[in-house]
Amino acid sequence: LEIPGLNDSKKLTDKKRRELYDIMIEQAVSYGIAFASEQEIDEINILQATFLAMERAMQKLSPQPELALIDGNRTKDFGLPVRTIVNGNPLHLDPREVNVVKGDGKCASIAAASILAKVTRDRLMEEYDAQYPQYGFAVHKGYGTKRHYEALREFGPSPIHRKTFLKKFYENP
């Protein structure tokens with residue numbers, strides 16, 4: 001599947017990401033979207049929770065891929081061959097096998113995954129915003145912005161705040 005405009009999610013507007021998301025959901029051979037909860041992140045750390053979510057997403061793929069490309073420099077055993085892409089350079093990969101300059105900017109599967117993840121997360125944060133409007137989740141999407149920290153000071157933590165996020169907040173209020 002070739003999708004015009006597919007690129008690193010950070011380089012696209014929210015509107016374009018959502019358009020591409022809809023195209024991918026409709027036309028992709030397979031995709032998997034999965035989460036790790038805030039409790040899991042606090043319990044096993046953000047990196048291990050990322051791997052857990054990746055594994056859950058990969059388990060949803062049918063057919064299973066022959067190779068998974070991961071944007072980053074760490075991986076684990078997902079039960080299928082994995083190649084990491086760091087700053088656009090493949091690790092443990094013969095450069096003749098794949099020509100990537102920047103992971104999510106040049107590799108379609110990584111770019112697609114970044115868009116699926118970001119749009120899904122943004123939509124989740126919009127749902128949380130409806131439940132907890134005082135925090136402004138629809139605007140800052142849970143990132144540690146000035147507005148987010150101001151809401152935490154005024155209202156205290158919500159049930160969806162990670163303890164590990166709050167630890168950083170309380171260390172640097």
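Side chains included, hydrogens not; waters and symmetry mates left out as well; all remaining heavy atoms used.
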Colleague: Taking only residues two or more places apart in sequence, or in another chain, which ones meet Glu55 in a salt bridge (charged side-chain N to carboxylate O under 4.0 Å, His left out)?
Modeller: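 Once residues adjacent in sequence are excluded, the partners of Glu55 under the salt bridge (charged side-chain N to carboxylate O under 4.0 Å, His left out) criterion are Lys76.
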
Colleague: Is the charged tip of Arg123 near the ring of Phe35: under 6.0 Å from the six-membered ring centre and within 45° of its axis?
Modeller: no

Colleague: Taking it one step at a time, do Tyr21 and Thr120 satisfy side-chain contact (heavy atoms from CB on, under 4.5 Å)?
Modeller: CA-CA 9 Å; Tyr21 177 97; Thr120 300; 3.5 Å; yes

Colleague: Is the side chain of Thr84 donor-acceptor paired with the backbone N or O of Asn73 at a distance under 3.5 Å, no angle test?
Modeller: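 No; zero donor-acceptor contacts below 3.5 Å.
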
Colleague: Find the distance between CG (Asp71) and CD1 (Ile85) and round it off to the nearest 0.5 Å.
Modeller: 8.0 Å

Colleague: How about Arg74: does its CZ atom have over 12 heavy atoms from other parts shown lying under 6.0 Å from it?
Modeller: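 Atom CZ in Arg74 is not packed in, count stays at 12 or less.
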
Colleague: Are any non-hydrogen side-chain atoms of Phe165 and Pro157 less than 4.5 angstrom apart?
Modeller: no

Colleague: Consider only side-chain heavy atoms of I, L, V, M, F, W and Y, link residues closer than 4.5 Å, and tell whether Phe78 and Leu47 are in one cluster.
Modeller: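 Same cluster.
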
Colleague: So do the side chains of Arg17 and Asp122 get within less than 4.5 Å of each other, counting heavy atoms only?
Modeller: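 The answer is yes; the side chains approach within 4.5 Å.
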
Colleague: What is the minimum heavy-atom distance between Ala57 and Gly32, and which atoms define it?
Modeller: CB-O, 3.4 Å

Colleague: Of the non-hydrogen atoms in Leu67 and Leu80, which two are nearest, and what is the gap between them?
Modeller: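 Taking every non-hydrogen atom into account, C-CD1, 3.9 Å.
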
Colleague: Report the C-alpha distance between Met125 and Asp129 in whole Å, list the side-chain angles of each, state the deciding distance to 0.1 Å, and finish with yes or no for side-chain contact (heavy atoms from CB on, under 4.5 Å).
Modeller: CA-CA 6 Å; Met125 296 312 293; Asp129 190 71; over 6 Å; no

Colleague: If you look at every heavy atom in Ala34 and Ala53, which pair is closest and at what distance?
Modeller: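 That would be CB-O, 3.5 Å.
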
Colleague: If I take atom CD1 from residue Ile33 and atom CG from residue Leu116, how far apart are they, to the nearest 0.5 angstrom?
Modeller: 4.5 Å

Colleague: For the CZ atom of Arg147 and the CD atom of Glu150, what is their distance to the nearest 0.5 Å?
Modeller: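 The CD atom of Glu150 is 9.0 Å from CZ of Arg147, to the nearest 0.5 Å.
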
Colleague: What heavy-atom pair brings Ala108 and Leu6 nearest, and what distance separates the two atoms?
Modeller: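 Minimum heavy-atom separation between Ala108 and Leu6: O-CD2, 3.6 Å.
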
Colleague: Run the side-chain contact (heavy atoms from CB on, under 4.5 Å) test on Glu127 and Gln131 for me, step by step, so that the C-alpha distance in whole Å, both residues' side-chain angles and the decisive distance to 0.1 Å come before the verdict.
Modeller: CA-CA 7 Å; Glu127 290 175 22; Gln131 292 177 319; 5.8 Å; no

Colleague: Roughly how far apart are Thr50 OG1 and Ile41 CD1, rounded to 0.5 Å?
Modeller: 7.0 Å

Colleague: For Glu66, does the CD atom have more than 12 heavy-atom neighbours from other residues, nucleotides or ligands under 6.0 Å away?
Modeller: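 No, the 6.0 Å shell around CD holds no more than 12 heavy atoms from other groups.
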
Colleague: Would you find a donor on one side and an acceptor on the other, under 3.5 Å apart, between the side chain of Asp42 and the backbone of Lys163?
Modeller: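 Checking the backbone N and O of Lys163 against the side chain of Asp42, a donor-acceptor pair under 3.5 Å is found.
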
Colleague: Inspect the surroundings of CD in Gln39 and state if more than 12 heavy atoms from other residues, nucleotides or ligands are less than 6.0 Å away.
Modeller: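 Counting neighbours around CD of Gln39, more than 12 heavy atoms of other residues, nucleotides or ligands fall under 6.0 Å, so yes.
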
Colleague: For the residue pair Thr164 / Arg162, report whether a side-chain donor-acceptor contact shorter than 3.5 Å exists.
Modeller: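 Short answer, yes.
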
Colleague: Which one of Phe155, Tyr128, Tyr135, Tyr149 satisfies the ring pair (Phe, Tyr, Trp, His ring centres under 6.0 Å) criterion with His161?
Modeller: Tyr135

Colleague: Could you tell me if the side chain of Lys60 sits less than 4.5 Å from the side chain of Tyr31, heavy atoms only?
Modeller: no

Colleague: Do Gln64 and Gln59 touch side chain to side chain, with heavy atoms closer than 4.5 Å?
Modeller: no

Colleague: Compare every heavy atom of Lys16 with every heavy atom of Gly5, then report the nearest pair and how far apart it is.
Modeller: CA-CE, 4.3 Å

Colleague: Would you indicate whether the side-chain heavy atoms of Leu152 and Leu166 approach each other to under 4.5 Å?
Modeller: yes

Colleague: Could you pull out every donor-acceptor pair under 3.5 Å between side chains of residues 22-29 and any protein atom, sequence neighbours left out?
Modeller:
none

Colleague: Looking only at heavy atoms, which two atoms of Leu20 and Pro4 are closest? And how far apart?
Modeller: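 Smallest heavy-atom distance, with atoms named: CD2-O, 3.6 Å.
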
Colleague: I need the Cys107 SG to Arg83 CZ distance, nearest 0.5 Å.
Modeller: 13.0 Å

Colleague: Measure the CD-CG distance between Glu40 and Leu52 for me, rounded to the nearest 0.5 Å.
Modeller: 5.0 Å

